Amino acid sequence: MVRQLISSNTPGEQAAKFSRAVRVGNLVFVSGTTAMDPAGHAQHGGDATAQARYILTKIEAVLGEAGASLADVVRTRIFVRHLEDVDAVARVHGLFFADVRPANTMLRGEPVDTDMLLEIEVDALVETD
């Protein structure tokens with residue numbers, strides 16, 4: 001089976017030799033994604049709402065590269081550094097996935113970079129004709 005590897009070329013991807021997303025058949029797996037720009041700089045420090053928007057926009061773009069969309073997402077996992085950000089992050093998730101309603105897990109977790117307030121990963125199933 002063909003394995004499509006997609007990279008956003010962040011320094012972390014280069015150092016750890018991982019792909020931002022992998023598509024195998026009609027499945028797309030997007031790695032844990034933070035609000036880091038391609039140069040490796042944290043975006044929207046201290047603002048979990050803005051980081052969630054940035055991350056989900058980044059995920060939407062990588063899904064597009066894999067021939068998928070947010071509508072194909074069946075599962076999301078969110079790791080939030082501070083429990084007080086859970087409601088704000090959940091609202092942003094709801095804006096992006098209102099009609100999709102994927103299975104979701106949200107956990108308290110600490111991304112490695114202290115400027116990152118959350119990390120999101122998704123799995124998608126692309127319908128084939």
Side-chain angles (χ1 to χ4, degrees):
M1 189 168 282
V2 177
R3 184 178 170 108
Q4 179 185 2
L5 306 178
I6 299 153
S7 178
S8 57
N9 297 311
T10 61
E13 288 175 48
Q14 299 298 323
K17 304 296 184 212
F18 73 91
S19 297
R20 173 65 34 221
V22 176
R23 179 170 178 167
V24 179
N26 62 344
L27 298 173
V28 181
F29 305 95
V30 179
S31 294
T33 304
T34 62
M36 182 178 291
D37 70 13
H41 301 115
Q43 301 297 298
H44 310 290
D47 186 342
T49 298
Q51 283 194 5
R53 283 191 192 108
Y54 185 94
I55 292 166
L56 289 170
T57 300
K58 189 173 171 180
I59 288 172
E60 184 174 30
V62 80
L63 285 169
E65 288 184 55
S69 72
L70 291 175
D72 297 313
V73 172
V74 295
R75 180 132 184 79
T76 59
R77 290 172 201 84
I78 305 172
F79 302 90
V80 180
R81 182 178 297 278
H82 305 293
L83 292 177
E84 59 267 20
D85 291 331
V86 166
D87 289 341
V89 171
R91 281 192 295 277
V92 175
H93 182 277
L95 292 173
F96 280 78
F97 294 109
D99 296 328
V100 180
R101 297 178 56 104
N104 171 260
T105 300
M106 190 179 306
L107 300 167
R108 184 189 175 286
E110 295 190 15
V112 174
D113 186 318
T114 56
D115 290 330
M116 300 303 166
L117 301 177
L118 63 144
E119 186 166 331
I120 302 174
E121 60 182 49
V122 306
D123 301 331
L125 176 64
V126 182
E127 291 203 30
T128 56
D129 294 330

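Numbers here are sequence positions counted from 1. Keep in mind the model is a prediction, meaning the values are calculated, not measured. Just so you know, these numbers use all the heavy atoms, side chains as well, and skip hydrogens, waters and symmetry mates.
Residue Ser8 comes nearest to Lys58 through the heavy atom pair OG-CE, 4.3 Å, listed as atom of the first residue, atom of the second, then distance. Nearest approach of Asn104 to Ile78, heavy atoms of both residues: ND2-CD1, 3.6 Å. Between Pro11 and Pro38, the shortest heavy-atom contact is CD-O, 3.6 Å. Here the shortest heavy-atom pairing between Gln51 and His44 reads NE2-O, 3.4 Å. For Arg81 against Asp113, the heavy-atom pair with the smallest separation is NH2-O, 2.9 Å. Between Gly46 and Leu117, the closest heavy-atom pair is C-CD1, 3.5 Å.
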Donor-acceptor list for residues 86-94 side chains, cut-off 3.5 Å, not counting sequence neighbours:
residue	atom	partner	partner atom	Å
His93	NE2	Thr76	OG1	2.9

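Connection of Val74 to Phe29 is established within a shared hydrophobic cluster, with ILVMFWY side chains joined at heavy-atom distances below 4.5 Å, either directly or through further cluster members. Connection of Val30 to Met116 is not established within any shared hydrophobic cluster, with ILVMFWY side chains joined at heavy-atom distances below 4.5 Å, either directly or through further cluster members. Cluster membership for Phe97 and Ile120, using ILVMFWY side-chain heavy atoms within less than 4.5 angstrom, is shared. Residues Val22 and Leu70 do not share a hydrophobic cluster, defined by chaining ILVMFWY side chains whose heavy atoms lie under 4.5 Å apart. Grouping the Ile, Leu, Val, Met, Phe, Trp and Tyr side chains by contacts below 4.5 angstrom, directly or via other members, places Ile59 apart from Tyr54.
A donor-acceptor pair under 3.5 Å links the side-chain atoms of Arg23 to the main chain of Ala66, judged by distance alone. Looking at Glu121, its side chain never comes within 3.5 Å of a backbone N or O of Glu119 through a donor-acceptor pair. Formation of a donor-acceptor pair under 3.5 Å by the Arg20 side chain with backbone atoms of Gly32 is found in this model. With hydrogens and angles disregarded, no donor-acceptor distance shorter than 3.5 Å links the side chain of Arg101 to the backbone of Ala103. Checking side-chain atoms of Thr114 against main-chain N and O of Val112 turns up no donor-acceptor pair under 3.5 Å.
Put simply, the side chain of Leu125 does not reach to within 4.5 Å of the side chain of Asp72, judged on heavy atoms. Between Pro102 and Arg75, every side-chain heavy-atom pair lies at or beyond the 4.5 Å cut-off. Taking 4.5 Å as the limit, some side-chain heavy atom of Ile55 sits within range of a side-chain heavy atom of Leu118.
For Arg108, the salt bridge (charged side-chain N to carboxylate O under 4.0 Å, His left out) test picks out Glu110, with sequence neighbours left out. Asp123 is linked by a salt bridge (charged side-chain N to carboxylate O under 4.0 Å, His left out) to Arg77, counting only residues two or more places apart in sequence or in another chain.
For the atom pair CG (Asp85) and CE (Met106), the distance works out to 10.0 Å, reported to the nearest 0.5 Å.
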